[in-house]
Amino acid sequence: MNLTPLTAGFFDRPTLDVARDMLGVLLIRDDETGYRAGRIVETEAYTQDDPAFHGWGIVDRHTGLIKPDGRGYDLFAKPGTSYVYLIYGMYWLLNVVTEREGVGGAVLIRAVEPMHGIDLMYEGRPAARNERELANGPGKLTQAFGVDKSQHGIMLTEPPLYFAADPAVAPCTISTSCRIGITRGIDLPWRFFVDDSPYVSPGIPSDIAAERRREPERRR
DNA sequence: ACGAGGATGCTCT
DNA sequence: GAGCATCCTCGTG
């Protein structure tokens with residue numbers, strides 16, 4: 001598998017473009033633990049001016065300086081840097097930093113279609129009952145790939161963890177929706193996914209979830 | 001099939 | 001003390 005990693009230049013672009021262009025790209029972990037690869041089928045974009053962004057509000061309006069102790073400071077790092085964080089005290093979520101250094105932005109990798117290293121993925125994810133459940137969610141794919149805090153802040157442009165264009169590119173239809181699991185910025189349609197992929201996460205976009213909460217009955 | 005609730009730890013108020 | 005870019009289990013139909 002001699003695949004050329006995507007370079008920092010790929011991520012040094014508007015975050016929405018990167019998020020869309022990452023669909024169909026391979027996520028690869030290649031190190032002493034083994035070789036794992038999966039095709040990305042779902043992403044979400046988070047930008048500096050986005051209330052759901054971890055780095056939201058840490059840029060001083062007057063000086064333009066970024067508070068170095070603020071949460072999300074690492075989201076202003078060099079494009080191609082990893083941003084891994086713990087959610088709900090239990091699950092690690094993998095992002096790749098976008099935009100030029102000093103500008104905040106990231107793409108959350110939400111789901112991949114397992115391609116290689118399936119057995120290794122099951123070892124990290126004993127709850128998975130089939131291949132589809134190995135990595136159809138942002139917390140699941142980090143378990144399948146063994147990603148945790150130790151991969152935070154590394155460059156995702158070289159082993160052990162990197163992205164690569166799939167040589168066997170399959171044409172696909174891309175859809176968008178609002179993002180999943182958030183309470184702020186819920187109306188921004190910044191989730192991208194491969195339309196007909198069974199490996200997309202089962203989550204419900206936040207705007208639809210909020211609507212259902214308002215009207216609990218009314219079914220079919 | 002679907003919904004409710006719990007797990008669990010870090011950050012911010 | 002609340003909220004969180006989630007997932008799993010166990011109820012009820």
Side-chain angles (χ1 to χ4, degrees), chain A residues 15-16 18-20 22-23 27 40-60 66-76 81-98 104-112 121-122 124-153 176-193 198-220:
Chain A
T15 304
L16 294 182
V18 176
R20 174 180 288 269
M22 288 188 77
L23 295 180
L27 169 65
I40 297 171
V41 296
E42 181 179 348
T43 62
E44 281 177 1
Y46 290 83
T47 77
Q48 184 169 330
D49 304 316
D50 163 14
F53 186 59
H54 285 176
W56 187 73
I58 77 170
V59 179
D60 189 296
I66 308 159
K67 301 186 184 82
D69 55 341
R71 164 134 139 120
Y73 176 75
D74 293 342
L75 288 163
F76 294 78
T81 304
S82 76
Y83 179 84
V84 179
Y85 79 99
L86 186 67
I87 186 67
Y88 296 112
M90 258 176 293
Y91 302 101
W92 298 101
L93 267 55
L94 172 66
N95 295 253
V96 55
V97 174
T98 56
V107 172
L108 169 68
I109 313 301
R110 283 196 58 91
V112 310
M121 295 186 190
Y122 273 111
R125 262 194 66 63
R129 290 167 299 181
N130 53 60
E131 220 165 281
R132 187 177 53 82
E133 295 178 356
L134 276 177
N136 64 334
K140 299 176 189 176
L141 78 89
T142 54
Q143 289 181 340
F145 279 73
V147 169
D148 60 23
K149 188 70 178 172
S150 63
Q151 279 90 30
H152 174 73
T176 64
S177 79
C178 293
R179 296 169 294 180
I180 293 174
I182 56 173
T183 57
R184 296 177 301 181
I186 65 173
D187 290 324
L188 300 172
W190 288 357
R191 169 175 176 252
F192 300 88
F193 59 99
Y199 298 93
V200 166
S201 79
I204 297 167
S206 298
D207 59 329
I208 297 174
E211 184 62 31
R212 283 197 192 173
R213 245 174 280 122
R214 197 171 324 124
E215 311 251 346
E217 58 279 2
R218 186 177 199 219
R219 280 295 129 70
R220 191 88 318 216

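Labels below follow one simple rule: chain letters A, B, ... track the order of the sequence lines, proteins then strands, and each chain is numbered from 1. Quick caveat, the model's predicted, so the values are computed rather than measured.
Regarding Tyr85(A), its OH atom lies at a distance of 12 Å from the C1' atom of dC10(B), rounded to whole Å. Between His152(A) atom NE2 and dC10(B) atom C1' the separation is 14 Å, expressed in whole Å. Rounded to whole Å, the distance from CD on Glu133(A) to C1' on dT9(C) is 13 Å. Taking atom OH on Tyr88(A) and atom C1' on dA5(C), their separation rounds to 8 Å, with Å as the unit. If you measure from atom CD1 of Ile180(A) to atom P of dC4(C), you get 16 Å, rounded to the nearest angstrom. One atom, NZ of Lys149(A), and another, P of dT11(B), lie 8 Å apart when rounded to the nearest Å. Rounded to a whole Å, the NZ atom of Lys140(A) is 11 Å from the P atom of dT6(C). His54(A) places its NE2 atom 15 Å from the P atom of dC10(B), with the value rounded to the nearest Å.
At distances below 3.5 Å, at least one donor-acceptor pair connects side-chain atoms of Thr142(A) with backbone N or O atoms of Trp92(A). With hydrogens and angles ignored, the 3.5 Å screen pairs a side-chain donor or acceptor of Arg179(A) with a backbone N or O of Gly185(A). At distances below 3.5 Å, at least one donor-acceptor pair connects side-chain atoms of Ser206(A) with backbone N or O atoms of Gly181(A).
For Leu86(A), counting side-chain heavy atoms from C-beta on, the closest listed nucleotide (dT8(B), dC10(B), dT6(C)) is dC10(B). Candidate nucleotides dC12(B), dT6(C), dT8(B) were compared by shortest atom distance to the side chain of Arg71(A), and dC12(B) ranks first. The side chain of Ile182(A) sits closest to dA5(C) out of dC7(C), dA5(C), dG3(B). Closest to the side chain of Arg125(A), out of dC8(C), dA5(C), dT6(C), is dC8(C).
Checking the phosphate oxygens (OP1, OP2) of dT6(C), a side-chain nitrogen or oxygen of Arg110(A) falls inside 4.0 Å. An OP1 or OP2 oxygen of dC4(C) is reached within less than 4.0 angstrom by a side-chain nitrogen or oxygen of Thr183(A).
Residue contacts shown for Arg129(A) are absent, as no nucleic acid heavy atom lies under 4.0 Å away. Note on Gly139(A): only backbone sugar-phosphate atoms sit closer than 4.0 angstrom, heavy atoms only; bases stay farther off. Within the nucleic acid shown, Ser206(A) has no heavy atom closer than 4.0 Å to any nucleic acid atom. Arg179(A) comes within 4.0 angstrom of no nucleic acid atom, judged by non-hydrogen atoms across all strands. Note on Ala127(A): only backbone sugar-phosphate atoms sit closer than 4.0 angstrom, heavy atoms only; bases stay farther off.
Across all strands shown, dT8(B) forms no Watson-Crick or G-U wobble pair with both key distances under 3.5 Å. dA5(C) is unpaired under the Watson-Crick or G-U wobble criterion, no partner having all donor-acceptor distances under 3.5 Å.
By the neighbour-count criterion of 12 heavy atoms within 6.0 Å, atom OH of Tyr73(A) is sparsely surrounded, having that number or fewer from other residues, nucleotides or ligands.
Nucleotides dA5(C) and dG3(B) place their P atoms 22 Å apart, quoted to the nearest Å.
Where Ala128(A) and Gly89(A) meet DNA chain C, the nucleotide closest to each residue was compared, and Gly89(A) sits on the side nearer the 5' end.
Residues Ile66(A) and Phe76(A) approach most closely at CD1-CD2, 3.5 Å, considering heavy atoms.
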Subject >> salt bridge (Lys or Arg N to Asp or Glu O under 4.0 Å) between Lys140(A) and Glu133(A), intermediate numbers included >> reply: CA-CA 8 Å; Lys140(A) 299 176 189 176; Glu133(A) 295 178 356; over 6 Å; no
